[in-house]
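Start at 1 with the first residue, then count along the sequence. Basis for what follows: all heavy atoms, side chains included, without hydrogens, waters or symmetry-related copies. For ligands, and for the atoms within them, numbers begin at 1 and follow the listed sequence. The model shown is predicted, which means the values in this text are computed figures rather than measured ones.
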Amino acid sequence: MKVAERIQAIPPYLFAQIDRKIAEAKAAGVDVISFGIGDPDRPTPAHIVAELARAAEDPANHRYPSYEGLPAFRRAVADWYARRFGVTLDPDREVISLIGSKEGIAHISLCYVDPGDINLVPDPGYPVYALGTIFAGGEPYKIPLRAEKGFLPDFSAIPSDVARRAKLLFLNYPNNPTGAVADLKFFTEAVEFARQYDLVICHDAAYTEIAFDGYQPPSFLQAPGAREVGIEFHSLSKTYNMTGWRLGWACGNSEVIEALGRLKTNIDSGVFQAIQYAGIAALQGPDEPVRTMCRVYQERRDVLVQGLRDLGCPVAPPKATIYVWAPVPAGHTSTSFTELLLERTGIVVTPGIGYGEGGEGFVRFSLCLEVERIKTAVERMRRAGIRW
Ligand SMILES: *Cc1c(COP(=O)(O)O)cnc(C)c1O
């Protein structure tokens, strides 16, 4: 049974070796402290769970949902965009529900990429942008995100013959894995670049609500002209601790939303309506649970960043996301340092190389664990003599 080339083309799973070492450490009785996964550890707020329970009882929700999402869900998304970003969306033409935003991010290339086309994908970056491109027969062209540039891509460094062959430009701010943020000036430059080369911008906005120190990340759709050239992917996963529920959406340019809808109509049959009702409850508030989570992550960030700095690590506190992106000590690669941490301290981090070559020299700490565990981790590093 020979698998297709697109399956063979999936890059080797870089975390496989580390996963094996974690399993070995656990089997040997090590109390493993994991900063590995970006999956919120706290439960979904109770009022959202209650709305799922109510809606699940209603037989009207037991049938096939509408493909593009319940009108009430799309309306709730539009209302939320108006309230949060001052962006007006037409819920009928400019919003579509997704089975988690990853689903839409993986599928959008099938709408725009023919074999031989290029997509511009950030490096380091969320792996789904490149994999979706490969599945559509396209070629990911990595645009480097460098610390000196605030982990923003330099559009002027992209060769014009590459840009001319490119179809989609993926962006993601606040950024996973670097924790970097972008302002409207940057998004405006991106819109100009997309206009120049007739690109569709796909902005992944999964982390706009997880921000610190009073900072409020913007939406890409706030940039002048953004709606003419692109869409934004959004998700309830990180904002409301709902990764397991699989509910997100895409919004923005109506032609792109229509193309994605046409594809999805032929692949999936939408999101369980009871989950969409729970999503409406989430988007309509109260906002207090979101503010509470931001305070929780901010305290964890502060404890971790201070702890790493005390060990000599030149790391800056991120303004947003659930990640701290730290350089590795001199003489290490991201993989060798990840292995050293696990062997000497039982601490798990993600090696930057797992997000692309541009991630080499860094490791990612996720903030999805209690502050006491973070303190214990820092103390273990100190005792093990780990220094930068
Ligand atoms: C978590 C995450 C998502 C959200 O995925 P869902 O499928 O909505 O759960 C999207 N993009 C990035 C960069 C993420 O880290």
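Atom 8 (O) of ligand 1 has its closest protein heavy atom at Ser235 OG, 2.6 Å. From the protein, the heavy atom lying nearest to atom 2 (C) of ligand 1 is Lys238 NZ, 2.4 Å. Residue, atom and distance of the protein heavy atom nearest to atom 15 (O) of ligand 1 are Tyr207 OH, 2.6 Å. In this structure, atom 9 (O) of ligand 1 lies nearest to the protein heavy atom Ser237 OG, 2.6 Å. Looking only at heavy atoms of the protein, atom 12 (C) of ligand 1 is closest to Asp204 OD2, 3.3 Å.
By the 3.5 Å distance cut-off applied to N or O atoms, Asn172 is not counted among the residues near ligand 1. Of the N or O atoms in Thr243, none lie within a sub-3.5 Å distance of an N or O in ligand 1. Ligand 1 has a nitrogen or oxygen under 3.5 angstrom from a nitrogen or oxygen of Arg246.
In this structure, Thr350 and Gly36 approach most closely via the heavy-atom pair OG1-O, 3.1 Å.
A donor and an acceptor atom, one from each side chain of Gln306 and Asp302, are nowhere located under 3.5 Å apart.
At most 12 heavy atoms of other shown residues, nucleotides or ligands fall within 6.0 angstrom of atom CZ in Arg75.
Under a 4.0 Å criterion applied to the non-hydrogen atoms of Gly100, ligand 1 contributes the atoms 7 (O), 8 (O). Every atom of ligand 1 with a heavy atom of Ala206 under 4.0 Å away is listed here by number and element: 3 (C), 10 (C), 11 (N). Listed by number with element, the atoms of ligand 1 under 4.0 angstrom from any heavy atom of Tyr126 are 3 (C), 5 (O), 10 (C), 11 (N), 12 (C), 13 (C), 14 (C).
Within the 6.0 Å centre-distance limit, the rings of Trp80 and His234 are counted as a close aromatic pair.
Remark: Arg373 does not engage Asp41 in a salt bridge, criterion side-chain N to carboxylate O under 4.0 Å.
At distances below 3.5 Å, at least one donor-acceptor pair connects side-chain atoms of Glu232 with backbone N or O atoms of Phe220.
Judged by the 6.0 Å and 45° rule, Lys319 forms a cation-pi pair with Tyr215.
One option in Ser101, Gly38, Pro174 has a heavy atom closer to atom 4 (C) of ligand 1 than any other, and that option is Ser101.
Between Phe35 and Phe365, the ring-plane angle classifies as perpendicular under the 30° and 60° cut-offs.
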